[in-house]
Structure formats: structure tokens, C-alpha cells
Amino acid sequence: MKSIKAILAALLISATAVIPAHAQFGGLGGMLGGGKPAAGGDVGTQVADFLKRSVVLSVLASNSLAKINAAFDNEEALARRRKEQEELSKITDPQEKQARAAKIYESERAESEKLAKSADLQDRMKNLDADKKKRIGEALFNFSIGALQAPALLQSGQNIMQGVGANPLNIAKVIPIKDALPLLGKVGSDAGTTIATFVKVAQGADISVPQAKADSKPSEETL
């Protein structure tokens with residue numbers, strides 16, 4: 001059986017592994033309030049608050065990718081996506097919802113990366129109807145909001161995990177944070193790669209992409 005110290009070390013290594021994605025935002029996390037370690041307080045409450053915010057961001061990011069991909073769907077693929085989003089919306093347990101959102105994100109991420117590399121993507125976007133163009137613009141706007149929020153939340157989660165070093169009995173309580181951090185890192189990374197490509201192509205196809213801020217209110221339209 002692993003010692004408590006070894007378990008803590010493993011969790012912190014896992015948390016630190018996503019720091020490069022946070023670093024690319026040039027310290028934005030600190031500006032948004034995530035730059036200082038969590039001090040004292042009940043770890044359980046901190047984890048619950050983190051998970052609540054992480055779930056919202058994870059669902060927002062996965063939905064955004066799904067909405068982009070859905071613009072190019074056939075009827076069968078669109079029906080599958082709508083079913084996934086409906087099932088996700090019905091989950092009430094935060095940890096289960098986080099895990100399901102992460103699974104959907106991985107699937108949508110793989111498809112969106114492939115789509116972003118299509119040589120004819122701009123022509124395909126130009127040929128979409130007005131409603132689908134609007135949805136792509138909203139999806140890119142929503143994803144950008146999540147990407148701007150991710151660094152602070154990522155830092156907050158890492159700080160909470162580091163804080164349990166003073167009380168190893170709290171290690172089990174921070175496992176949900178450890179599980180959530182990788183997706184936050186991916187959102188930050190994807191914002192500068194795949195999503196940046198989509199924004200550039202969308203603008204070339206005369207699709208309006210609203211300017212996002214970290215406190216912007218996301219569009220709530222479904223697929």
C-alpha cells in the first residue's frame with residue numbers, strides 16, 4: 001500500500017502536469033483571482049466549490065465543441081450529439097457530470113481537430129446556412145469564455161491540492177480536483193490551437209464571432 005506521502009506526491013505531480021497550458025495565458029490566472037494559494041478553511045467546502053465551477057466550465061467547453069462539429073453533421077450524427085447533450089444535462093452528481101463532460105470533450109475534441117485541418121474548411125463554412133453560421137459564432141464565443149476562466153480555476157485547484165500537505169487526511173477529498181484538472185488544461189491549450197484556427201476561418205467566411213471576456217454570459221442555445 002502506498003504511503004500517504006507517496007499518494008500526495010503523485011497527486012501533486014498530476015496537478016503540476018497541466019501547468020504549461022495555464023502558463024501560456026501570460027499570468028491571466030492571477031489577474032482573475034486564481035494566483036494565490038488557498039489559505040485555511042474546510043477542504044471539503046473548497047473542493048465542492050471548485051467542482052461546481054469546474055463542471056460548469058467543462059460542460060460549456062464540451063458543448064461548444066459539439067455545436068461546432070454539429071454544424072457539419074448528417075442527421076444521424078446530429079441525433080447522437082443531441083442525445084449525449086440531453087443525457088449530460090440530466091446528471092446531477094457533480095463528479096459524475098464532470099467525468100461525462102470530460103469524456104464528451106475528448107470525443108468532440110478529436111473530431112474538431114480533424115475538422116480544423118480540413119483544406120476546404122473555409123469553403124464549407126461559407127456554404128452553411130445562416131442558422132448554422134450563427135451557432136458556430138456562438139460556440140466559439142462560449143469556448144473563449146471558458147478558456148479565459150480556465151487559468152484561474154486551474155490555479156485554484158492546484159492551490160487546494162498543495163494545501164492538503166498540512167493535513168494528509170484530506171488527500172482523498174481532493175481526488176475530484178485531480179480528476180478535473182486535465183480538462184481545464186486542455187481547454188487552455190485548445191484555445192490557442194484548434195479554436196484559434198476556427199476563429200480565423202470563421203471570420204474569413206464572414207461569420208461573426210463576438211469578443212469574449214471572462215465574465216461574459218454564454219449563449220444558452222442548444223444544438
For S54 and Q98, test the side chains for any donor-to-acceptor distance below 3.5 angstrom and give the result as yes or no. yes

For L51 and I177, what are the C-alpha separation, side-chain angles and deciding distance, and is it a side chain to side chain contact (heavy atoms under 4.5 Å, CB included)? CA-CA 7 Å; L51 198 55; I177 293 180; over 6 Å; no

Minimal non-hydrogen separation, R53 against S156, with atom names: NH2-OG, 3.5 Å

Which atom pair, heavy atoms only, marks the closest approach of S219 to K67? OG-NZ, 4.3 Å

Measure the CD1-CD distance between I68 and E111 for me, rounded to the nearest 0.5 Å. 11.5 Å

Can we say E113 and R109 salt-bridge, meaning some charged N sits less than 4.0 Å from an Asp/Glu carboxylate O? yes

Which atom pair, heavy atoms only, marks the closest approach of N69 to S112? OD1-CA, 3.4 Å

Check: T45 main-chain N/O paired with D49 side-chain donor or acceptor under 3.5 Å: no

On a heavy-atom basis, the closest approach of T194 and A116 is CG2-CB, 3.9 Å

Hydrogens and angles aside, do E138 and N142 bring a side-chain donor and acceptor to less than 3.5 Å of each other? no

Using atom types as modelled and distance alone, determine if a side-chain donor or acceptor of S216 lies under 3.5 Å from a backbone N or O of K213. yes

Short side-chain to backbone donor-acceptor contact, S189 and G185, under 3.5 Å: no

Measure the shortest side-chain to side-chain distance between T193 and T197 over non-hydrogen atoms and say whether it is less than 4.5 angstrom. no

Distance from L115 atom CG to F198 atom CZ, nearest 0.5 Å? 4.0 Å

Smallest heavy-atom separation, M125 atom then V201 atom, equals SD-CG1, 3.8 Å

Spacing of I145 atom CD1 and S64 atom OG [to the nearest 0.5 Å]: 8.0 Å

Check against side chain to side chain contact (heavy atoms under 4.5 Å, CB included), F50 and N159: CA-CA 11 Å; F50 170 90; N159 289 341; over 6 Å; no

Using the rule that Ile, Leu, Val, Met, Phe, Trp and Tyr join whenever any side-chain heavy atoms are under 4.5 Å apart, tell me whether L57 and I195 fall into a single cluster. yes

Can you confirm whether F143 sits close enough to V199 that some side-chain heavy atom of one is under 4.5 Å from a side-chain heavy atom of the other? no

Check whether V59 and L183 end up in the same hydrophobic cluster, where Ile, Leu, Val, Met, Phe, Trp and Tyr are linked by side-chain heavy atoms less than 4.5 Å apart. no

For side chain to side chain contact (heavy atoms under 4.5 Å, CB included), just list the numbers for D206 and K126, CA-CA rounded to whole Å, side-chain angles, deciding distance to a tenth of an Å, and then say yes or no. CA-CA 7 Å; D206 297 322; K126 284 182 178 179; 5.6 Å; no

Go through it in stages, so that I can follow the logic: the residues are R80 and E84, the test is salt bridge (Lys or Arg N to Asp or Glu O under 4.0 Å), and I'd like the CA-CA distance, side-chain angles, deciding distance and then a yes or no. CA-CA 6 Å; R80 172 181 58 79; E84 286 180 342; 3.6 Å; yes

Point-to-point distance, once rounded to the nearest 0.5 Å, from CZ of R135 to CG of D129: 9.5 Å

Co-membership, hydrophobic cluster, residues V187 and I104, 4.5 Å side-chain: no

Within this structure, what is the CD-CG distance for the pair E106 and L65, rounded to the nearest 0.5 Å? 10.0 Å

Would you say the side-chain atoms of Q122 pair up with the backbone N or O of A205, donor to acceptor, closer than 3.5 Å? no

May I ask whether Y105 and L88 are part of the same hydrophobic cluster, defined by side-chain heavy atoms of I, L, V, M, F, W, Y residues being less than 4.5 angstrom apart, directly or through others? no

Can you tell whether the side chains of K90 and E86 come within less than 4.0 Å, N to carboxylate O? yes

Rounded distance [0.5 Å steps], CG in L223 versus CZ in R81: 8.0 Å

Common cluster, L140/L121, ILVMFWY with side-chain heavy-atom separation under 4.5 Å: yes

In short, F141 meets V209 closest at the heavy-atom pair N-CG1, 4.4 Å

